[in-house]
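Have a look at the structure below before the remarks.
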Amino acid sequence: MEELIAVLFLSREIAHREHLKSDSYAQHKALGSFYEVIVEQADSLAEAYQGLTGKQLIDIPYFSNSSKGDITSTLKKLLKRVEELRVDVEPDNSTIQNVIDEVVATFLSTIYKLTFLK
């Protein structure tokens, strides 16, 4: 779970930086929405997990951006990592998986906006 939360935190950081330097209004708005929502979802996921398991998340790693390429490609890579990690996070608990589904939906919606709305 700690690594999944770290990926979400990294996603927020990257999106916020790209949001500030964007010269596209559509990209600026899409990334602004993403970084605001994804951090709330990370918090909800962490709290739900801790409530379910009674375990505190005390070892959330710090990740740096090693992705090269544009923000859309970077978000796609981070989404792929979310999908890989989710299988190890309470896979039989629908509540936790539903929160992760919302995270995935946020990524997909943002990728759509970045791809098709200019």
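Numbering starts at 1 and runs along the sequence shown. Keep in mind that what you see is a predicted model, and the values were worked out from it rather than measured.
- Between Thr110 and Val37 the shortest side-chain heavy-atom distance does not fall below 4.5 Å.
- Judged by distance alone, the side chain of Gln97 and the main-chain N or O of Val89 form a donor-acceptor pair under 3.5 Å.
- Leu4 and Leu108 end up in the same hydrophobic cluster when Ile, Leu, Val, Met, Phe, Trp and Tyr side chains are linked at under 4.5 Å.
- Taken together through direct or relayed side-chain contacts under 4.5 Å among Ile, Leu, Val, Met, Phe, Trp and Tyr, Val82 and Ile96 form part of one hydrophobic cluster.
- Residue pairs meeting the salt bridge (Lys or Arg N to Asp or Glu O under 4.0 Å) criterion with at least one member in residues 20-36, sequence neighbours excluded: Glu18-Lys21.
- Summarising the hydrophobic clusters (Ile, Leu, Val, Met, Phe, Trp, Tyr; side-chain heavy atoms under 4.5 Å, direct or chained), the residues clustered with Tyr112 are Phe116, Leu117.
- Residues Asn65 and Glu13 have side chains not in contact (no heavy-atom distance under 4.5 Å, counting atoms from C-beta outward).
- Between the side chains of Asn98 and Thr95, not a single donor N or O lies within less than 3.5 Å of an accepting N or O.
- No donor-acceptor distance shorter than 3.5 angstrom exists from the side chain of Lys55 to the backbone of Gly51, with no hydrogens or angles considered.
- Under the 3.5 Å distance criterion, the side-chain polar atoms of Ser109 are left unmatched by any main-chain donor or acceptor of Ala105.
- Here ring pair (Phe, Tyr, Trp, His ring centres under 6.0 Å) pairs that include residues 27-46, with residues two or more places apart or in two chains, are His16-Tyr35, His19-His28, His19-Tyr35, Phe34-Phe107.
- Among residue pairs with one or both ends in residues 44-82, none qualify as ring pair (Phe, Tyr, Trp, His ring centres under 6.0 Å); sequence neighbours excluded.
- Residues Leu8 and Gln41 have side chains not in contact (no heavy-atom distance under 4.5 Å, counting atoms from C-beta outward).
- Considering every non-hydrogen atom in both Thr72 and Thr115, the closest pair reads CG2-OG1, 3.8 Å.
- Residue pairs meeting the salt bridge (Lys or Arg N to Asp or Glu O under 4.0 Å) criterion with at least one partner in residues 88-104, sequence neighbours excluded, are Arg86-Asp101.
- Every side chain to side chain contact (heavy atoms under 4.5 Å, CB included) that Ile60 has, sequence neighbours left out, goes to Glu2, Ile5, Ala6, Phe9, Leu57.
- Residues Leu31 and Leu114 are in side-chain contact: their nearest non-hydrogen atoms beyond the backbone lie under 4.5 Å apart.
- With a 6.0 Å radius and a threshold of 12 heavy atoms from other residues, nucleotides or ligands, Lys77 has its NZ atom above the threshold.
- We find the OG1-CG distance between Thr106 and Leu75 to be 11.0 Å, quoted to the nearest 0.5 Å.
- Ser11 and Leu78 get closest at one heavy-atom pair: OG-CD1, 3.4 Å.
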